[in-house]
Amino acid sequence: MPRFSEPRSEEALLARARTLAGRSIAEVAAALGLPVPADLRHHKGWVGHLVEKALGVTAGSAPVPDFASLGIELKTLPLDAEGVPTETTFVSSLDFGDPAALSWEGSSVRKKLARILWLPVQADPAVPLAERRFGNALLWSPTPEEEARLRADFEEIAGMIEAGFVERVTAHRGKVLQLRPKGANARQLRWMVDAEDGALARTAPRAFYLRRSFTAELVRRHWALGG
DNA sequence: CCGTGATCATTC
DNA sequence: GAATGATCACGG
């Protein structure tokens with residue numbers, strides 16, 4: 001059954017997450033006394049918030065791990081009928097005000113991806129939201145090979161930003177990790193320091209995302225699903 | 001206002 | 001069909 005308190009160990013967290021396996025969104029929501037929206041069009045992060053409540057996440061929107069004391073990030077992983085992720089995975093926003101944010105070691109990307117609790121959730125559009133079921137959770141850390149691929153993409157993107165070409169970093173760049181706009185709308189802007197002259201300039205807020213091909217590979221390897 | 005939770009909608 | 005760029009809701 002879902003609980004409200006934060007788990008104190010990896011084992012406790014994983015055990016609790018696995019109680020969600022096979023359960024429907026309607027069941028989990030009912031246990032928490034939450035109504036299920038008809039669809040996600042106006043509730044895009046709803047499933048993620050539902051799972052947070054069920055597993056005892058208290059961190060809110062602070063840029064820290066969901067389970068701060070355990071250093072674990074929680075991510076839902078929406079899968080289609082074949083077990084392939086239907087969406088990219090948000091990793092972290094780019095902090096234009098933090099010089100360390102552009103070094104791999106100091107980056108929020110490395111920290112966020114260091115340990116993730118993946119919770120697969122059915123996302124076949126043919127299945128109504130309330131009837132979709134959760135899968136078996138996986139506590140994951142990147143292998144050295146995966147980290148090398150992530151780091152290579154990150155450093156390519158970070159290098160362009162440091163050189164003053166942030167506007168030329170599109171979502172096409174990066175094999176497993178990409179940088180995309182992330183904001184309420186395209187009109188929202190952030191201040192950044194221009195690499196050339198040090199002047200302040202406005203630019204769109206951006207965030208790092210994992211490509212579907214990367215998480216699809218993860219699913220195939222750990223759940224033996226998909227094609 | 002901003003960051004986290006993500007998915008949508010248009011274009012390719 | 002899949003990917004990119006845009007968008008929606010919420011808490012603090």
Side-chain angles (χ1 to χ4, degrees), chain A residues 4 17 20 25 28-29 32 34-68 72-98 101 107-109 111-113 116-129 132 134 153 157 166-192 202-217 219 226-227:
Chain A
F4 296 97
L20 296 176
I25 283 178
V28 175
L32 293 167
L34 298 173
V36 181
D39 58 67
L40 296 177
R41 186 162 182 247
H42 295 287
H43 304 274
K44 296 182 181 180
W46 186 84
V47 178
H49 292 309
L50 173 69
V51 171
E52 286 185 344
K53 290 184 177 71
L55 298 184
V57 172
T58 56
S61 66
V64 298
D66 295 313
F67 300 98
I72 296 173
E73 187 72 19
L74 173 65
K75 292 288 175 198
T76 57
L77 190 55
L79 305 180
D80 69 13
E82 269 97 53
V84 178
T86 59
E87 295 290 345
T88 55
T89 301
F90 168 76
V91 178
S92 69
S93 293
L94 175 58
D95 184 351
F96 289 105
D98 178 14
S107 71
S108 58
V109 173
K111 292 170 191 166
K112 288 280 183 76
L113 295 180
I116 292 187
L117 182 69
W118 295 102
L119 186 65
V121 57
Q122 205 175 359
D124 179 350
V127 179
L129 178 61
R132 296 179 186 175
F134 292 103
D153 285 349
I157 293 167
V166 63
E167 303 298 343
R168 283 171 51 178
V169 179
T170 68
H172 293 90
R173 209 163 286 274
K175 295 183 179 68
V176 296
L177 186 74
Q178 63 179 173
L179 189 71
R180 301 219 305 274
K182 163 75 170 168
N185 56 62
R187 257 51 66 185
Q188 293 211 334
L189 299 173
R190 297 284 181 282
W191 288 106
M192 68 169 294
R202 290 286 232 170
T203 193
R206 293 153 213 267
F208 290 95
Y209 292 80
L210 295 177
R211 289 190 178 280
R212 298 194 318 151
S213 55
F214 184 83
T215 50
E217 185 182 316
V219 170

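No experiment lies behind these values; they were computed from the predicted model shown. In the text below, chain A, chain B and the rest are named by the order of the sequence lines, each starting its count at 1.
Counting to the nearest Å, the P atom of B/dA6 and the CG atom of A/L210 are 12 Å from each other. To the nearest angstrom, C1' of C/dA3 lies 18 Å from CZ of A/F214. A straight line from NZ of A/K53 to C1' of B/dA6 spans 14 Å, rounded to a whole angstrom. In this structure, A/D95 atom CG and B/dC1 atom P are separated by 18 Å, rounded to whole Å. Rounded to an integer number of Å, the gap from CG of A/L179 to P of C/dA6 is 13 Å. Here the C1' atom of nucleotide C/dT4 and the CZ atom of A/R206 are 13 Å apart, to the nearest Å. A straight line from CZ of A/F90 to P of C/dA3 spans 20 Å, rounded to a whole angstrom. Between the CZ atom of A/R202 and the C1' atom of B/dC2 there is a distance of 12 Å, rounded to whole Å.
For the pair A/R190 and B/dC1, the criterion of a side-chain N or O lying under 4.0 Å from OP1 or OP2 is not met. Between A/S93 and B/dC2 there is no side-chain polar atom (N or O) within less than 4.0 angstrom of OP1 or OP2. The side chain of A/R180 contributes no N or O atom lying less than 4.0 Å from OP1 or OP2 of C/dA3. For the OP1/OP2 pair of C/dT4 and a distance below 4.0 Å, the side-chain nitrogens and oxygens of A/Q178 include at least one atom meeting the criterion. At the phosphate of B/dG3, neither OP1 nor OP2 sits under 4.0 Å from any side-chain N or O atom of A/K182. In this structure, A/H42 reaches the C/dA9 phosphate: one of its side-chain N or O atoms is under 4.0 Å from OP1 or OP2. In this structure, A/R212 reaches the C/dA3 phosphate: one of its side-chain N or O atoms is under 4.0 Å from OP1 or OP2.
Between A/T88 and A/H43, the residue anchored closer to the 5' end of DNA chain C is A/T88, taking for each the nucleotide with the nearest heavy atom. Toward the 5' end of DNA chain B, the nearer of the two residues A/V121 and A/K112, judged by each one's closest nucleotide, is A/K112.
Distances from the side chain of A/L40 to the nucleotides C/dG5, B/dT7, B/dG5 place B/dT7 closest. Relative to the side chain of A/E73, the nucleotides C/dG5, B/dT7, B/dG5 differ in distance, and B/dG5 lies closest. Residue A/H49 places its side chain closer to B/dG5 than to any other of B/dG5, C/dT4, B/dT7. For A/P181, taking side-chain heavy atoms from C-beta onward, the closest of the listed nucleotides C/dA6, B/dG5, B/dC8 is C/dA6.
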Mind running side-chain contact (heavy atoms from CB on, under 4.5 Å) on A/E87 and A/Y209 for me, showing each step along the way?
CA-CA 10 Å; A/E87 295 290 345; A/Y209 292 80; over 6 Å; no
I'd like to know whether A/K175 forms a side-chain contact (heavy atoms from CB on, under 4.5 Å) with A/R211, so could you lay out the CA-CA distance, the side-chain angles of the two residues, the decisive distance to 0.1 Å, and finally the verdict.
CA-CA 8 Å; A/K175 295 183 179 68; A/R211 289 190 178 280; 5.8 Å; no
Stepwise side-chain contact (heavy atoms from CB on, under 4.5 Å) test for A/D39 and A/L129
CA-CA 6 Å; A/D39 58 67; A/L129 178 61; 5.7 Å; no
Dump the intermediate steps for side-chain contact (heavy atoms from CB on, under 4.5 Å) on A/R206 and A/V166, then the final yes or no.
CA-CA 10 Å; A/R206 293 153 213 267; A/V166 63; 3.7 Å; yes
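A side-chain donor-acceptor contact under 3.5 Å links A/R132 to the backbone of A/V127.
Across all strands shown, A/A186 has heavy atoms under 4.0 Å from sugar-phosphate atoms exclusively, and none from any base. Counting non-hydrogen atoms under 4.0 angstrom, A/G45 reaches a base of the nucleic acid. Within 4.0 Å (heavy atoms only), A/R41 reaches sugar-phosphate atoms of the nucleic acid but no base atom. If you check every strand for non-hydrogen atoms under 4.0 Å, A/T86 touches nothing. Residue contacts for A/P78: at a heavy-atom cut-off of 4.0 Å it reaches the sugar-phosphate backbone alone, with no base atom in range.
Contact of A/Q188 with B/dC2 (side chain to base): no donor-acceptor pair of N or O atoms is detected under 3.5 Å. Contact of A/Y209 with B/dA6 (side chain to base): a donor-acceptor pair of N or O atoms is detected under 3.5 Å.
Few gaps surround CZ on A/R202; more than 12 heavy atoms of other groups in view lie less than 6.0 Å from it.
Residues A/A29 and A/V36 share a closest heavy-atom pair of CB-CG2, 3.6 Å.
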